[in-house]
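Read the structure below first, then the notes.
Source: prediction; values computed, not measured.
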Amino acid sequence: VINVNVYTDNLKINIGGVNDLSQQNPAELKRAIDLVLPLIEDNNWENNILVNLQQSNPIYEETQTFINIRINFRKINY
């Protein structure tokens, strides 16, 4: 099992002279995931290894948002 976390910074919004970083940026997170997933999926895994990807829902933090991609490997014995 390998866990890959894809992070993006939240939007920076100025409200009354104060920077607010609590607003998620779903478009940026989707772009980042769209770049990462093909790198994982298109890898030349051995023919006798099954690869299963699982994605979590977005996890929101104070200044960042991330998604965890879990990669499960299973070797097949012929």
Inset, instruction - State whether the side chain of S56 and the backbone N or O of N68 hold a donor-acceptor pair below 3.5 Å, judged by distance alone. - result: yes
Legend entry - Closest non-hydrogen atom pair, L39 against L35: CG-O, 3.6 Å
Inset, instruction - Would you check, one step at a time, whether the test side-chain contact (heavy atoms from CB on, under 4.5 Å) holds for T63 with D9? - result: CA-CA 6 Å; T63 62; D9 290 331; 5.8 Å; no
Inset, instruction - Is it possible for you to say whether I15 and L11 belong to one hydrophobic cluster, with membership spreading through side-chain heavy-atom contacts below 4.5 Å? - result: yes
Inset, instruction - Using the side-chain contact (heavy atoms from CB on, under 4.5 Å) rule, take E62 and L21 through it: C-alpha gap first, then chi angles, then the decisive distance, then the call. - result: CA-CA 7 Å; E62 190 173 323; L21 299 171; over 6 Å; no
Legend entry - Side chain to side chain, N72 and Q54, heavy atoms closer than 4.5 Å: yes
Inset, instruction - State, to 0.1 Å, how close Q55 and L37 come at their nearest heavy-atom pair, and which atoms those are. - result: OE1-CD1, 3.7 Å
Inset, instruction - For side-chain contact (heavy atoms from CB on, under 4.5 Å), just list the numbers for N3 and I69, CA-CA rounded to whole Å, side-chain angles, deciding distance to a tenth of an Å, and then say yes or no. - result: CA-CA 6 Å; N3 285 301; I69 301 169; over 6 Å; no
Inset, instruction - Answer yes or no: is there a side-chain heavy-atom contact under 4.5 Å between N25 and N10? - result: no
Legend entry - Validation row: I33, I67 side chains within 4.5 angstrom (heavy atoms): yes
Legend entry - Over all atoms of both residues, closest heavy-atom pair of P58 and T65: CB-CG2, 4.1 Å
Legend entry - Shortest non-hydrogen separation from F66 to L29 and the atoms involved: CA-CD1, 4.4 Å
Inset, instruction - Give the minimum heavy-atom separation between S22 and Q24, together with the two atoms involved. - result: O-NE2, 3.4 Å
Legend entry - Check: L53 and I40 side chains under 4.5 Å, non-hydrogen atoms: yes
Inset, instruction - Determine, stepwise, if the pair F73 / N52 fulfils side-chain contact (heavy atoms from CB on, under 4.5 Å). - result: CA-CA 7 Å; F73 298 91; N52 180 341; over 6 Å; no
Legend entry - N14 backbone acceptor or donor facing D20 side chain under 3.5 Å: no
Legend entry - Same apolar cluster: I59 and Y7, side chain cutoff 4.5 Å: yes
